2 protein chains.
Amino acid sequence: MIRRTPQQPRERGIPDATVARLPLYLRALNGLAERAVATVSSEDLAVAAGVNSAKLRKDLSHLGSYGTRGVGYDVQYLIYQISRELGLTQDWAVAIVGVGNLGRALANYGGFVSRGFRVAGLLDADPEVVGDHIAGLVVEHSDELESVIAKRGVSIVVIATPATAAQAVCDRVIASGVTSILNFAPVVLTVPAGVDVRKVDLSIELQILAFHEQRKVNGGPVMGEEWAGEVS
Amino acid sequence: MIRRTPQQPRERGIPDATVARLPLYLRALNGLAERAVATVSSEDLAVAAGVNSAKLRKDLSHLGSYGTRGVGYDVQYLIYQISRELGLTQDWAVAIVGVGNLGRALANYGGFVSRGFRVAGLLDADPEVVGDHIAGLVVEHSDELESVIAKRGVSIVVIATPATAAQAVCDRVIASGVTSILNFAPVVLTVPAGVDVRKVDLSIELQILAFHEQRKVNGGPVMGEEWAGEVS
DNA sequence: TAGATTGTTAATCGATTAACAATC
DNA sequence: TAGATTGTTAATCGATTAACAATC
């Protein structure tokens, strides 16, 4: 049971839509910090993050009152508060399963390592790939999955395997006690309640673009074509 | 001006949330088709796609009445209708700018080529990479961006460059008349009205996972730590 | 006809936004 | 104090869901 002390009366439950935008604000704030900006208004930060300023203020109000009326937000302080809220002030050990081009791209991705995340394991089923040195790590065989998770305290697993292997990897990962999975394989993973799966799907984004592109070009789906198949 | 003839009275404007799910349904349907399933109920298709069946029926109702009461949906026919709605019955030429690990992963990604999309150009600024053969294409120099877009009828550009190069590439692409961009670089791109940018952000998904993981482990952000910085 | 399942209605829920009182 | 900007209210909008009449 989680006990709320009088010192932390803020109600739980930050809206999902807000959580999804916090990383955006964090990135914009880091950009400002690099340019040595000390204070920023909701209006300016909203422009940098590409959102409406009312939405930004509403989002930040869910975390607490970290701004100063008439002044704005202290950049460093807000970076700290958002980082803390997202859990980035602690270190998360991540394992990447599947070391093809995508897995390599992820392993080398600066954004992973920089803030809060540490790639603690790279695993692949292909003996040709096992032993390769990537981003300072040696690729291990997928057979080691359970022991890597246990020994290195992995709490988040990234699945970058072919679609056919993803569910089996997912099952083993969950059996090892991991409850946070980032899936790049183009399949819907089946998981028990309590396990969080987030999905990045490259082709879905492209299909959504095509939908809008089609409307620009044609004003809608092609109507001239006839359905050549049979309907039962 | 787009004129609506009496033959196509269906009102325009499929909700964004629906459009974003159509690719999911399409994938589930293709899975059923491979297993030679002829007909599927909204309940079964919903399970395969990982959504609520009421939502599925509501989504499909925006496209038209393609089901049969008491029976379900004809798999092949629904594949055709969703494909047409998404604009996948035509061929879109895609150029990928930035041929690092991520660009290579995208170029080799089966999902791109299979349905409606054709990688028509790979471009990179690094002379070391120019000339490489990837996925049946030769990598060209970024200087050729405008001519590749014009000569090969590219209508969708994927930006997989480092963050620092993304906005400049984006500007040139838009100047060449492209209005659909898929951005993998971790920056907010500034574009004029009428240009669609979709964004895939690898680290943002990880940060959202960390947020939820933290709540499982601690019940919330670490409260013991003190802010060590100064607030103006 | 009886059983099954769609397509739609209406209620509910959550997210967005403008406006402004609070306050630095 | 006067000007600026936050944090919050309340209205609006869009998405989700259960329920069921229509109908195959």
Side-chain angles (χ1 to χ4, degrees), chain A residues 9-25 28-29 32 37-75 77-79 81-82 85 208 211 230-232, chain B residues 9-25 28-29 32 37-75 77-79 81-82 85 208 211 230-232:
Chain A
R10 189 199 334 132
E11 78 216 50
R12 248 302 69 74
I14 297 177
D16 286 347
T18 295
V19 173
R21 283 187 294 265
L22 291 179
L24 233 59
Y25 303 152
L29 285 163
L32 293 169
V37 176
T39 296
V40 67
S41 69
S42 63
E43 184 58 39
D44 290 351
L45 182 54
V47 169
V51 302
N52 174 306
S53 71
K55 191 190 285 184
L56 171 72
R57 288 198 299 280
K58 183 87 174 153
D59 282 342
L60 294 183
S61 76
H62 287 114
L63 311 191
S65 282
Y66 296 138
T68 306
R69 286 166 141 103
V71 177
Y73 300 90
D74 182 274
V75 172
Y77 186 59
L78 195 52
I79 285 175
Q81 290 297 347
I82 294 178
E85 196 65 46
I208 295 171
F211 172 86
E230 289 174 44
V231 180
S232 55
Chain B
R10 183 187 356 121
E11 77 217 48
R12 248 305 67 73
I14 296 177
D16 286 347
T18 295
V19 173
R21 282 187 294 264
L22 291 180
L24 232 58
Y25 303 153
L29 285 164
L32 292 169
V37 176
T39 296
V40 68
S41 70
S42 63
E43 184 58 38
D44 290 352
L45 182 54
V47 169
V51 303
N52 174 307
S53 72
K55 191 190 285 184
L56 171 72
R57 287 198 300 279
K58 182 87 174 154
D59 283 341
L60 294 183
S61 75
H62 287 114
L63 310 190
S65 281
Y66 297 137
T68 307
R69 286 165 141 102
V71 177
Y73 299 89
D74 181 274
V75 171
Y77 185 58
L78 195 52
I79 286 175
Q81 290 298 347
I82 294 179
E85 195 66 46
I208 295 171
F211 172 84
E230 287 174 45
V231 182
S232 54

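This one's a predicted model, so the numbers in the text were calculated from it and none came from an experiment. To find a chain, count down the sequence lines: A is the first, B the second, and so on, and within it residues start at 1.
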| query | With a 4.5 Å heavy-atom cut-off, do B:Leu63 and B:Leu78 have their side chains touching? | reply | no
| For B:Ser42, side chain to side chain donor-acceptor pair (under 3.5 Å) partners two or more places apart |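 Expected list: B:Arg57.
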| said: I'd like the 5' and 3' limits of the part of DNA chain C contacted by chain B, with heavy-atom contacts below 4.0 Å. | reply: C:dA4 to C:dT9
| Who are the side-chain contact (heavy atoms from CB on, under 4.5 Å) partners of A:Val47, not counting sequence neighbours? |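 A:Val47 satisfies side-chain contact (heavy atoms from CB on, under 4.5 Å) with A:Glu43 once adjacent residues are dropped.
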| side-chain contact (heavy atoms from CB on, under 4.5 Å) against B:Ala46, all qualifying residues, sequence neighbours excluded |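 Partners of B:Ala46 under the side-chain contact (heavy atoms from CB on, under 4.5 Å) test: B:Val51, B:Ser53, B:Leu56.
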| said: Using a strict heavy-atom distance below 4.0 Å, which residues from residues 41-48 of chain A are in contact with DNA chain D? | reply: A:Ser41, A:Ser42
Which value, rounded to the nearest 0.5 Å, describes the distance between [X] atom [atom1] and [Y] atom [atom2]?
X	Y	atom1	atom2	answer
B:Asp74	B:Gln81	CG	CD	10.5 Å
A:Leu29	A:Tyr73	CG	OH	10.5 Å
A:Ile14	A:His62	CD1	NE2	8.0 Å

When the side chains of residues 16-25 of chain A are checked against the rest of the protein, which donor-acceptor pairs come out under 3.5 Å, sequence neighbours left out?
| unit_1 | atom_1 | unit_2 | atom_2 | d |
| --- | --- | --- | --- | --- |
| A:Thr18 | OG1 | A:Asp59 | OD1 | 2.6 |
| A:Arg21 | NE | A:Tyr25 | OH | 3.4 |
| A:Arg21 | NE | A:Asp59 | OD2 | 2.7 |
| A:Arg21 | NH2 | A:Asp59 | OD1 | 3.1 |
| A:Arg21 | NH2 | A:Asp59 | OD2 | 3.3 |
| A:Tyr25 | OH | A:Asp59 | OD2 | 2.5 |

| query | Can we call the ring centroids of A:Tyr77 and A:Tyr66 under 6.0 Å apart? | reply |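 Centroid distance A:Tyr77-A:Tyr66: below 6.0 Å, so yes.
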| If every non-hydrogen atom of B:Thr39 is compared with every non-hydrogen atom of B:Val75, which pair is closest and at what distance? |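 Closest approach of B:Thr39 to B:Val75, heavy atoms only: N-CG2, 3.9 Å.
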| said: With nearest nucleotide decided by heavy atoms, which residue, A:Arg21 or B:Gly70, maps closer to the 5′ end of DNA chain C? | reply: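 Checking each residue's closest nucleotide, the 5'-ward one belongs to B:Gly70.
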| request: Go ahead and write out DNA chain C as dot-bracket, 5' to 3': ( ) for pairs within the strand, [ ] for ones crossing earlier pairs, | when the partner sits on another strand, dots for unpaired; Watson-Crick or G-U wobble, both distances under 3.5 Å. | output: ..||||||||||||||||||||||
| request: May I ask you to decide if A:Asp44's main-chain N or O and A:Ser41's side chain share a donor-acceptor pair within less than 3.5 Å? | output: yes
| field | Sorted by number, the residues of residues 49-60 of chain A with heavy-atom contact under 4.0 Å to DNA chain C | value |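 Result for residues 49-60 of chain A: A:Asn52, A:Ala54, A:Lys55, A:Arg57, A:Lys58, sorted by number.
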